[in-house]
Amino acid sequence: MSDIQSYRSHFSGTIRLAIPVMIGQLGQVLMGVIDTMMIGGLGYEYVSASSLANSIFFIIIVTGIGITFAIAPLVAERAAKGDAAKCREILQQGTRIALIGGTILSCVVFFAAPIIFTLDQPPRDAALAFSFLRVISFSAIPMLLFMSFKQFTDGLSHTVPAMLITLLGLAANVFFNYLLINGHWGFPALELVGAGIATFVARIIMALTMILWALNSSKYKSYELKKGWNRLVGKTINKILKIGIPSGLQYFFEVGAFAGTAIMIGWMGSMYRSAHQITISIASVTFMIATGIAAASAIRVGDALGKHDISAIKRAGYVGLLLTLIFELFSALVFILGKDTLPHMFNIDNQEVLKITANLMVIGALFQVFDGIQTTGLGVLRGIQDVNLPTFVTLVSYWVINLPLAYYLGFTLNMGVQGAWYSFVISLAIAAIAHTLRFWYLTRRTSKRWEAKHPKQHIAES
């Protein structure tokens, strides 16, 4: 196969694998976006409060989500070797981690909720966010169980089922939001608490549907997924945690930076955090596209790793990065052209909030280009099971650079919320460049080593 044909094959293969993941990821993030839209009708204070609560929720549970991300590349690697028993074992031990971790994290979120009142936030925001956070705290368990099974099926390149189940969860979330936020069909108007209950119920539906489908699908008959759930395999758990904990920390550092910045913006007032939340909600849609490409790239890189095909590793990784760049540049254009129209989707009638949001949308255009590239960069590195140095890079980018810079630009230089967003652009650009260079360096070094160890294979690939 020529180089051009090989790259075409990787482009089409990555896109086919990524599209269902993208749609599934979009379904996940659209729960939050639609929540924000439906909450927006209650007033901008409610949007600000939901932003505060979600920031705290995700900074606590994101490490658990990141750990489940280790399942897909590990399953892809073993599937490439035809080891069905090992794939089943990875799922079962990963689910064990998700159940225990989800229970612990739910308790942490629930009992940490009063911390909201110590963060010097607007009193109305804090009171609303506290009740909302207490409700959604319980949703961490079904969320992580869903993710463990999703990562298993994604690792086998079966990405459509999770997509469909996510869309089912999205529909359930919208339906229960309709019933419970403003009160319809005889249900009480629970406002923000109603949105929290709707999210919790939707995540339970998603988890149960995903688990029942995977355990009973004929696609996985050869994996015998109902067998061996009582076995505790420490070696496999350690393997998952070895990749999963650094991956979880990567997301923890990122979400922690976003949460910390959201808290700082709250010091500026509810209007500024409401504008911040609207812009983040719009940016999260394009970000989920990037995470879909990143997930597909990690799976394809993991598959190539299992086959010891260094050429396929490089091409799968670079194709993922290029696809992300192309999409994010298009998204940046949409951000700029839609800065005055897209924020109106959130039912906010405060003109000052809309004006602030329009200004943030322009900065967000550049922000999401670098955010997408660094996400895919982490994905392809996870595919080759390189997680430790990338974790250090995320720590430096987000906590050493982003958070102090957000405070300096926002408050010391009096640039306000725009200064905080410029700090995102700078830190994400550093992370994007570092992850891309890391992938280039590792594949170049590995190529030389594999050429020496497998000369016949290298000649055939050339």
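- The closest side-chain heavy-atom distance from I71 to L91 is not below 4.5 Å.
- Residues R96 and N230 come closest through the heavy atom pair NH2-C, 4.0 Å.
- Aromatic ring pairs are classed by plane angle as parallel below 30°, tilted from 30° to 60° and perpendicular above 60°; the pair F424 and H276 is parallel.
- A 6.0 Å sphere centred on CZ of F110 holds more than 12 heavy atoms belonging to other residues, nucleotides or ligands.
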Checklist entry - Taking it one step at a time, do V393 and H435 satisfy side-chain contact (heavy atoms from CB on, under 4.5 Å)? => result CA-CA 8 Å; V393 170; H435 297 327; 3.6 Å; yes

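- Judged by distance alone, with hydrogens and angles left aside, the side-chain atoms of Q374 form no donor-acceptor pair with the main-chain N or O of I430 at under 3.5 Å.
- Atom NZ of residue K239 and atom CD1 of residue I90 lie 9.0 Å apart, to the nearest 0.5 angstrom.
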Item to check | Stepwise side-chain contact (heavy atoms from CB on, under 4.5 Å) test for L378 and T394 | outcome: CA-CA 10 Å; L378 284 174; T394 58; 4.2 Å; yes

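- The aromatic rings of F175 and W185 sit perpendicular to each other, their planes meeting at more than 60°, with 30° as the lower class boundary.
- The two atoms that bring N177 and A198 nearest to each other are OD1-CB, 3.3 Å, heavy atoms only.
- The nearest pair of heavy atoms linking I373 to T324 is N-CG2, 3.8 Å.
- By the 4.5 Å heavy-atom criterion applied to side chains, F200 and I204 are counted as neighbours.
- Taking the six-membered ring for Trp and thresholds of 30 and 60 degrees, H184 and Y178 have nearly parallel ring planes, at less than 30 degrees apart.
- Of all heavy-atom pairs spanning M206 and G169, the tightest one is CG-CA, 3.5 Å.
- Atom OG of S427 is separated from atom CD of E254 by 9.0 Å, given to the nearest 0.5 angstrom.
- We find the OG-CG distance between S106 and L144 to be 7.5 Å, quoted to the nearest 0.5 Å.
- Enclosure of atom CZ in F330 is not indicated, since only 12 or fewer non-hydrogen atoms of other residues, nucleotides or ligands lie within 6.0 angstrom.
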Next on the checklist: Determine whether T199 and V135 satisfy the following criterion, side-chain contact (heavy atoms from CB on, under 4.5 Å), listing intermediate values before the conclusion.
Outcome noted: CA-CA 9 Å; T199 298; V135 174; over 6 Å; no

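- The closest donor-acceptor contact from the side chain of S131 to the backbone of L128 lies at 3.5 Å or more, if one exists at all.
- Annotation: side chain of L164 is not in contact with side chain of L168 (no heavy-atom distance under 4.5 Å).
- With N238 contributing its side chain and G234 its backbone, the two residues share a donor-acceptor pair below 3.5 Å.
- The minimum heavy-atom distance linking T68 with M147 is given by the pair OG1-CB, 3.6 Å.
- Atom CG of L442 sits about 6.5 Å away from atom CG of L381, to the nearest 0.5 Å.
- Annotation: side chain of F132 is not in contact with side chain of V193 (no heavy-atom distance under 4.5 Å).
- Expressed to the nearest 0.5 Å, how far CZ of F335 lies from CD of Q368 amounts to 5.0 Å.
- The aromatic rings of Y223 and F152 lie perpendicular to each other, with more than 60° between the two planes, well past the 30° mark.
- Residues Q93 and R231 come closest through the heavy atom pair NE2-O, 2.9 Å.
- Using a 4.5 Å heavy-atom cutoff, the side chains of T391 and F253 are in contact.
- With contacts defined as side-chain heavy-atom distances shorter than 4.5 Å, the pair L74/Q385 qualifies.
- The local environment of NZ in K242 is sparse, with at most 12 non-hydrogen atoms from other residues, nucleotides or ligands closer than 6.0 Å.
- The side chain to side chain donor-acceptor pair (under 3.5 Å) test with Y220 is passed by exactly one of R88, K226, H158: H158.
- K81 NZ: more than 12 foreign heavy atoms inside a 6.0 Å radius.
- Within the 4.5 Å cutoff, side-chain heavy atoms of T153 are placed close to those of W213.
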Checklist entry - Is there a side-chain contact (heavy atoms from CB on, under 4.5 Å) between V387 and Q250 once you walk through the steps? => result CA-CA 9 Å; V387 290; Q250 291 165 9; 4.2 Å; yes

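- Side-chain atoms of I136 and N54, non-hydrogen and from C-beta on, do get closer than 4.5 Å to each other.
- Going from atom CD1 of I60 over to atom OG of S137 covers 9.5 Å, rounded to the nearest 0.5 Å.
- Applying the 6.0 Å contact sphere to CG of L212 captures more than 12 heavy atoms from other residues, nucleotides or ligands.
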